[in-house]
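Please read the structure below before turning to the comments.
What you see below is based on every heavy atom in this structure, not just the backbone, and it leaves out hydrogens, waters and symmetry mates.
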2 protein chains.
Amino acid sequence: MKNVTIADVAKAAGVSVTTVSRFINGNYKKMSDTTKQRVQQTITNLHYAPKASARKMRQDFSQMIGVVVGDISNVFSSLLFKGIYDVLQPAGYDVLLMNSNNSLITEQNELARLFTQQVDGLILQPNAKTFTPYQQIQTAQLPLVMVDRETLNQPQDVATVVSSNFDASHQLAVRLASQGYQHIITVSRTLAETSAQSKRIAGFTAGAIQSQQTMTNLETAHHDRNWLQQQLHSKIATTIGKTAVVSLMGPVLFDLLAVCRSLHLTFPNDIGLISFDDWTWSQYVNDGIFLLQQQPELMGHVAAEKLLQQIQQTPITTMTYIPVKTIEKASL
Amino acid sequence: MKNVTIADVAKAAGVSVTTVSRFINGNYKKMSDTTKQRVQQTITNLHYAPKASARKMRQDFSQMIGVVVGDISNVFSSLLFKGIYDVLQPAGYDVLLMNSNNSLITEQNELARLFTQQVDGLILQPNAKTFTPYQQIQTAQLPLVMVDRETLNQPQDVATVVSSNFDASHQLAVRLASQGYQHIITVSRTLAETSAQSKRIAGFTAGAIQSQQTMTNLETAHHDRNWLQQQLHSKIATTIGKTAVVSLMGPVLFDLLAVCRSLHLTFPNDIGLISFDDWTWSQYVNDGIFLLQQQPELMGHVAAEKLLQQIQQTPITTMTYIPVKTIEKASL
DNA sequence: CTGTTAGCGCCTTCAA
DNA sequence: TTGAAGGCGCTAACAG
């Protein structure tokens, strides 16, 4: 039982390949009902399935979209993908998912592969600081949507979907002041200039200046949990007034909780504890952790829709900010 | 600037298409260094990228693998995918990811699309109870690996990777008895016969019989949290002896924690609390929740490796059980 | 070491 | 309402 082609179907049905092709593509206009029936029948009999690759040769689109995320084992990425998929699949697109491991080199390699696959569009959580490595995509006229991270020197017309990280952080800082917190300590894992974390730091800094609080960031990238513990201990021990500690990404919260336990710091008594997190598990830690939550699924949704619009040449708004949700819990 | 083809490169480099083709495919054996250089140069100059679809027409493989998971927003699925991807991508395969939403209909539709895309192999977290809907895959000689769920009437030679759900549950029941627990209540969300949850129930039941404990399952699929609360309350209120409550899947643990809080049940004092969960967030709830943890990433790894072996016609062991890890915490 | 050429399966213009 | 035929970009005989 070899590969069955459109010709096989045509022969078996006693019609021409053209007719079969028309049938496949839903061009029923010029086709008698009898023919239609017969073709349909033969197709199911022979288990015929048209081959996408052959199709792609003749058309100049592939009905495939490439998605490159930073780390699919991350809740953010997987929810983002879900949002994307739920829009693209019903629209008739198959999705090639690639995982860049937050590495620019891997990412560039994957982009090359997606080019080779002739995807009709690209949704990208970029790893590079600047837009330069993505210039080629624009040059190739390939519809593109950037998600979650803004690159520097990015042309105005590049569609982008990010969280309102700066605003949410800024507002929270001001609110913290109004609740009597005089010091803010943020804890990040990486300081990549373009990362969401940097925007958050910037937001808190701006808010702290405005509200006359102190603001420090602890960068844990090259340190272990002990280091964090020491830093936190010395900061808080030597400080007068209420301190709020903010985890700038989900995984950091794990570290922070461990450290608090070791240091016998309770919240909201000893410190205020806040975290950015895209997952609500922490509502079961004590009376819950105060959360700033992105909306990755919504972001995926919006990004996919923008991509489709680009493919259909519909003009789009290029920069979209998705609000960060505040989940109020007793840790503050 | 139109599509640049292999012919364009050939012309520009002053060689034949064959030579270019050979170069692309790494057939350097019969090629002078000068030619090689020239072709390389021209390719980069022209930004040439070979088109996968044209290639696929000539070869009978696509270098693409289809993966269908139940719910990508689930930690299990996303870690599973990561495991798969980390093996397949380095091996030169691109991965088409599909999300069946745990629906058989969606899944079948997606399988059809993957056929159309002529994937070289399939990794599937199946939704059907029986193997029948997947018969066609076998008939089409398409390499296939089933993950996470066993179907009924499944041919012996179908490669499968599942967690050792039964054994882990069985052993835990026995252990519970030895710790003085006389009653086991499991809480599930669905009772799909082939689901991992059913295997777990079976394991606990077998262990309970062996150790002379009572064993009840609470099926929450068509009920709300209130119902669960009432059930649990009445069971525990009317019971003499220690009771262990087991969440059979991660999300159920959320419900259970909420219910415990409402009923003022503490663990391990009032009840023993245990959960299957593929995510370790719960270590920060009180002194941590006792966990039975699958190893989705490892499962993906193994599944992908099995698939590659099938593609290379290497004989494989068809059924593999991946051990469930026990994370001992104070909730027991 | 290099080139010529025949298809792979499908869509689409053109003709009937 | 249907069919015939060319060609999409690439690979792999086969021929130098």
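- A straight line from CD of B:Q118 to P of D:dC10 spans 17 Å, rounded to a whole angstrom.
- Separating the CZ atom of B:R22 from the P atom of C:dC1 is a distance of 11 Å, rounded to the nearest angstrom.
- At whole-Å resolution of the value, CG in B:N25 and P in D:dG9 are 17 Å apart.
- Within the 4.5 Å cutoff, the side chain of A:M299 has no heavy atoms near those of the A:V302 side chain.
- Residue A:D60 is classed as having no contact, given no heavy-atom separation below 4.0 Å to the nucleic acid.
- Looking at A:R58, its side chain comes within 3.5 Å of the base of C:dC11 through a donor and an acceptor atom.
- Atom NZ in B:K56 sits roughly 14 Å away from atom P in C:dC10 (whole-Å rounding).
- Side chains of A:M64 and B:Q117 form a contact here, defined as non-hydrogen atoms less than 4.5 Å apart.
- If you check every strand for non-hydrogen atoms under 4.0 Å, B:V15 touches sugar and phosphate atoms only.
- Under the side-chain hydrogen bond (donor to acceptor under 3.5 Å, both in side chains) rule, A:S103 has a single partner from A:N99, A:N101, A:T106, which is A:T106.
- Counting atom types as modelled, A:T18 pairs a side-chain N or O with a base atom of D:dA4 as donor and acceptor under 3.5 Å.
- Using a 4.0 Å heavy-atom criterion, one finds that A:F23 contacts no nucleic acid atom at all.
- Separating the CE atom of B:M57 from the C1' atom of D:dC10 is a distance of 9 Å, rounded to the nearest angstrom.
- Across all strands shown, A:S53 has no heavy atoms under 4.0 Å from either base or sugar-phosphate atoms.
- OP1 or OP2 of C:dC11 lies within a sub-4.0 Å distance of a side-chain N or O belonging to A:S21.
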